[in-house]
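Quick notes on the structure that follows.
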2 protein chains.
Amino acid sequence: MAIRPAEQLIHKAAWLYYAHGLRQDEVASQLNISRASVAMYLRKARETGIVNISTSTQLFTNDIMARRVEDAFKLDAVWIAPENAYLADPSTDIAVLAASVFLELVKKGDRIGVAWGRTVYTIADIMSYADLQDVTVVQLCGNLGAPYSYRPDQCTMEIARRLNAKGLNFYAPLVLSTEELAQGLRAEPVIRDQLAGVADCDLALYSVGAVDADSHLVKCGALTAAEMEALRSQGAAGVIAGQIIDASGEVLDCSYNRRVISAELASLRAIEKRLMVVQEDTKFEPLLSAIAGGLCTHLVIGAHMAERLLEHAAAVAGKKAS
Amino acid sequence: MAIRPAEQLIHKAAWLYYAHGLRQDEVASQLNISRASVAMYLRKARETGIVNISTSTQLFTNDIMARRVEDAFKLDAVWIAPENAYLADPSTDIAVLAASVFLELVKKGDRIGVAWGRTVYTIADIMSYADLQDVTVVQLCGNLGAPYSYRPDQCTMEIARRLNAKGLNFYAPLVLSTEELAQGLRAEPVIRDQLAGVADCDLALYSVGAVDADSHLVKCGALTAAEMEALRSQGAAGVIAGQIIDASGEVLDCSYNRRVISAELASLRAIEKRLMVVQEDTKFEPLLSAIAGGLCTHLVIGAHMAERLLEHAAAVAGKKAS
DNA sequence: CACGGCTCTCGACAAAAGTCAAATTTGGAT
DNA sequence: ATCCAAATTTGACTTTTGTCGAGAGCCGTG
């Protein structure tokens with residue numbers, strides 16, 4: 001019988017091994033297959049999320065620094081990846097941590113909003129598989145037809161795939177050439193519904209982009225480096241779900257933003273848990289803006305960024321006191 | 001440095017091993033300790049619930065029979081442990097399954113009501129450790145000073161311990177010698193509060209007892225075998241949280257019930273998720289009564305019991321049709 | 001009907017993880 | 001100050017697990 005490896009068998013093997021604690025050879029004899037097959041089934045079981053191995057992320061929240069950041073910025077929860085540490089690649093560490101935190105925050109039946117960017121895609125890429133039931137992953141902003149692997153729809157789909165969830169993609173460009181067209185498209189029932197549905201999400205996952213020539217918006221051709229620079233002098237401080245925000249975390253009043261198809265910030269703020277992940281130390285100011293705008297309730301950052309945040313908070317407090 | 005095994009180290013080791021996928025020797029060199037220590041830390045991490053390994057119980061709900069039972073009895077979810085199966089001890093299988101299901105149903109911040117009995121204690125005993133935050137486990141009924149290890153308070157405490165949760169015990173006897181005393185005790189603020197708090201639970205875990213000489217009530221001396229027999233002829237059909245219920249799942253009107261200190265059935269019904277676990281095939285009628293009384297929304301049983309339930313449902317439907 | 005292509009299965013080897021008794025260290029008691 | 005008991009760490013050993021290539025069964029296709 002070399003038909004389907006019978007998902008059934010994978011389940012049974014996983015059950016006997018993980019729940020009952022039998023050894024692989026015991027499982028093999030119970031199921032009348034070779035031990036090698038059992039080993040393979042178990043790997044599949046882990047890969048498909050039939051078994052879930054998760055480590056508590058407590059270590060990173062219990063950190064004193066994390067508490068201080070929480071207090072200073074009035075955030076619900078903060079996780080800090082130690083950078084001094086024992087790991088080869090510190091930036092991956094943030095993503096691994098973010099993935100764990102994300103999985104810990106997701107509940108069955110949740111609706112999850114996902115933005116895009118290298119950070120988000122990295123998280124999706126290393127996230128372990130899970131078998132959440134009734135979860136929907138919705139794309140928070142329009143697409144960018146760039147050749148990058150971290151296109152908005154890719155991020156959404158990949159996360160949906162890992163979670164065994166339903167992915168709701170957004171079939172519209174991120175940015176159009178005229179404001180009229182953008183307005184018209186936003187009024188389209190399909191788009192309209194999806195945009196309206198953002199506020200119903202239980203959890204959002206995004207990062208914040210910097211306003212410079214390295215931004216994805218520039219790399220993907222949505223804006224030129226020069227335009228970006230111009231926006232910067234107009235007060236642009238960061239990029240959230242494809243939109244430019246100012247230092248107070250509000251949408252910057254500019255042509256580009258009016259041509260963008262993306263979730264409104266108000267809808268994002270309506271989401272109960274807003275998980276923001278920042279990998280690059282260079283994104284200090286964008287992050288400050290996002291926090292100021294109330295766009296994040298849960299935060300995953302590196303130790304260095306945490307220090308800068310605390311220094312900043314102390315400076316502000318000092319100024320206020322004097 | 002053989003001071004505190006530094007919970008910190010356990011966390012780090014678990015993190016590197018499970019989240020980053022390093023090998024034990026890699027973890028060892030990262031943390032500058034021997035591989036053997038890493039192995040030990042990892043075991044502790046598993047034992048204390050710092051890492052969680054859970055297997056999806058889908059296999060058992062996806063079962064066609066489970067669906068039919070759900071439909072026939074209007075239950076939210078049913079899990080059926082295959083009994084024909086590949087396991088040495090079939091009754092343990094139900095408990096292992098129940099433990100998994102239970103852990104899958106528990107959420108952070110939940111309040112959990114736990115009754116007592118051999119079944120419940122078995123579940124507690126094999127349940128893996130978890131690190132739920134802010135969970136409270138409350139005892140649903142008074143104590144019985146029996147020498148059995150599955151006393152009500154033991155069940156509560158053990159489950160609380162495994163979950164790293166707070167245990168709320170009930171410092172009152174299950175049954176008193178006079179109705180007056182019971183009434184008086186129920187009016188005591190401490191007791192009163194705890195009884196009132198039952199309805200606020202998010203999840204209940206219990207089994208149902210049979211009305212015979214093997215009942216715990218008899219074994220623990222709350223009732224004599226003769227009294228039990230008498231109650232049976234008065235319509236007693238089962239035991240829920242120390243109380244006698246009739247075939248319709250209501251409290252039987254008898255002196256014993258009036259002398260009992262336990263959660264009211266109405267409070268139990270107010271709990272959103274009521275997980276009932278039945279191991280013994282002999283408890284068919286008690287289970288029917290409990291279902292009739294709406295005392296269970298989630299059910300874990302063996303395949304044989306499931307068959308009997310379906311047969312019964314078919315018979316009832318047939319009678320109705322004719 | 002034979003043919004690849006495909007997946008699953010198995011046996012054997014290599015790698016990794018679990019275990020144990022002895023050695024070492026620590027904190028507290030005498 | 002010194003010693004004892006408890007707990008932790010270690011190195012060596014055993015057991016368990018992961019992996020690879022070969023072989024076998026199944027399917028659609030030519």
Side-chain angles (χ1 to χ4, degrees), chain A residues 1-56 58-59 62 85-88 96 126 128-130 161 164, chain B residues 1-56 58-59 62 85-89 96 126 128-129 161 164:
Chain A
M1 350 164 168
I3 16 167
R4 302 230 85 245
E7 183 120 330
Q8 197 83 349
L9 260 187
I10 301 185
H11 261 106
K12 283 186 183 172
W15 181 250
L16 291 174
Y17 186 76
Y18 286 106
H20 280 277
L22 300 191
R23 266 178 288 117
Q24 291 192 354
D25 53 345
E26 295 182 289
V27 175
S29 67
Q30 292 280 2
L31 269 63
N32 276 63
I33 51 178
S34 79
R35 203 189 50 71
S37 298
V38 173
M40 193 205 52
Y41 286 157
L42 292 179
R43 183 160 36 76
K44 282 196 177 173
R46 281 186 301 258
E47 282 170 359
T48 53
I50 288 174
V51 310
N52 244 342
I53 303 185
S54 64
T55 70
S56 156
Q58 255 201 34
L59 172 59
N62 278 353
Y86 31 75
L87 219 58
V96 171
I126 56 163
S128 61
Y129 289 75
R161 196 171 70 83
N164 230 319
Chain B
M1 322 151 194
I3 16 168
R4 302 228 83 242
E7 183 120 330
Q8 197 82 349
L9 261 187
I10 300 184
H11 262 106
K12 284 186 182 173
W15 180 249
L16 291 173
Y17 186 75
Y18 285 106
H20 281 276
L22 301 190
R23 268 177 289 122
Q24 290 193 354
D25 53 349
E26 295 183 288
V27 176
S29 67
Q30 292 279 4
L31 269 63
N32 276 62
I33 50 178
S34 78
R35 203 190 49 73
S37 297
V38 173
M40 193 205 56
Y41 286 157
L42 292 179
R43 182 159 39 74
K44 281 197 178 174
R46 282 187 300 259
E47 282 170 359
T48 53
I50 288 174
V51 308
N52 240 333
I53 302 185
S54 63
T55 70
S56 157
Q58 253 203 36
L59 173 60
N62 278 353
Y86 30 74
L87 220 60
D89 184 354
V96 172
I126 56 164
S128 61
Y129 289 76
R161 197 170 69 83
N164 231 317

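Scope of the values below: all heavy atoms of this structure, side chains included, with no hydrogens, waters or symmetry mates. Quick note on labels: first sequence line is chain A, next is B, and so on, each numbered from 1.
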Would you check if the side chain of Ser37(A) reaches a backbone N or O of Ile33(A) as a donor-acceptor pair within less than 3.5 Å?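 No, Ser37(A) side chain to Ile33(A) backbone: no donor-acceptor pair under 3.5 Å.
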Roughly how many Å is it from CD1 in Ile33(B) to P in dG11(D), rounded to a whole number?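 About 12 Å, once rounded to whole Å.
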Whole-Å distance separating the CG atom of Leu9(A) from the P atom of dC8(C):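 So the CG-P distance, Leu9(A) to dC8(C), works out to 11 Å.
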Distance only, no hydrogens: is a donor on one side chain within 3.5 Å (strictly under) of an acceptor on the other, for Arg46(A) and Tyr41(A)?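 Arg46(A) vs Tyr41(A): no donor-acceptor pair found between side chains.
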Go through the side-chain N and O atoms of Tyr129(B) and Arg161(B) and say whether any donor and acceptor fall under 3.5 Å apart.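 Looking only at side-chain atoms, Arg161(B) and Tyr129(B) do form a donor-acceptor pair, the distance falling under 3.5 Å.
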Short side-chain N/O contact to [N] OP1/OP2 from [X], under 4.0 Å:
X	N	value
Lys44(A)	dC8(C)	yes
Tyr41(A)	dT9(C)	yes
Ser34(B)	dT9(D)	no

Can you check whether Ser128(B) reaches Glu47(B) side chain to side chain, under 4.5 Å on heavy atoms?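 With C-beta onward as the side chain, the pair stays apart.
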What I'd like to find out is whether the side chain of Leu31(A) reaches to under 4.5 Å of the side chain of Leu9(A), using heavy atoms alone.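 They are in contact (side-chain heavy atoms under 4.5 Å apart), so the answer is yes.
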Distance in Å, Glu26(A) CD paired with His20(A) NE2, rounded so as to fall on 0.5 Å steps: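 Spacing of CD (Glu26(A)) from NE2 (His20(A)) equals 12.0 Å.
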B/S/- contact track for nucleotides 16-21 of chain D, protein heavy atom under 4.0 Å: SBBB--
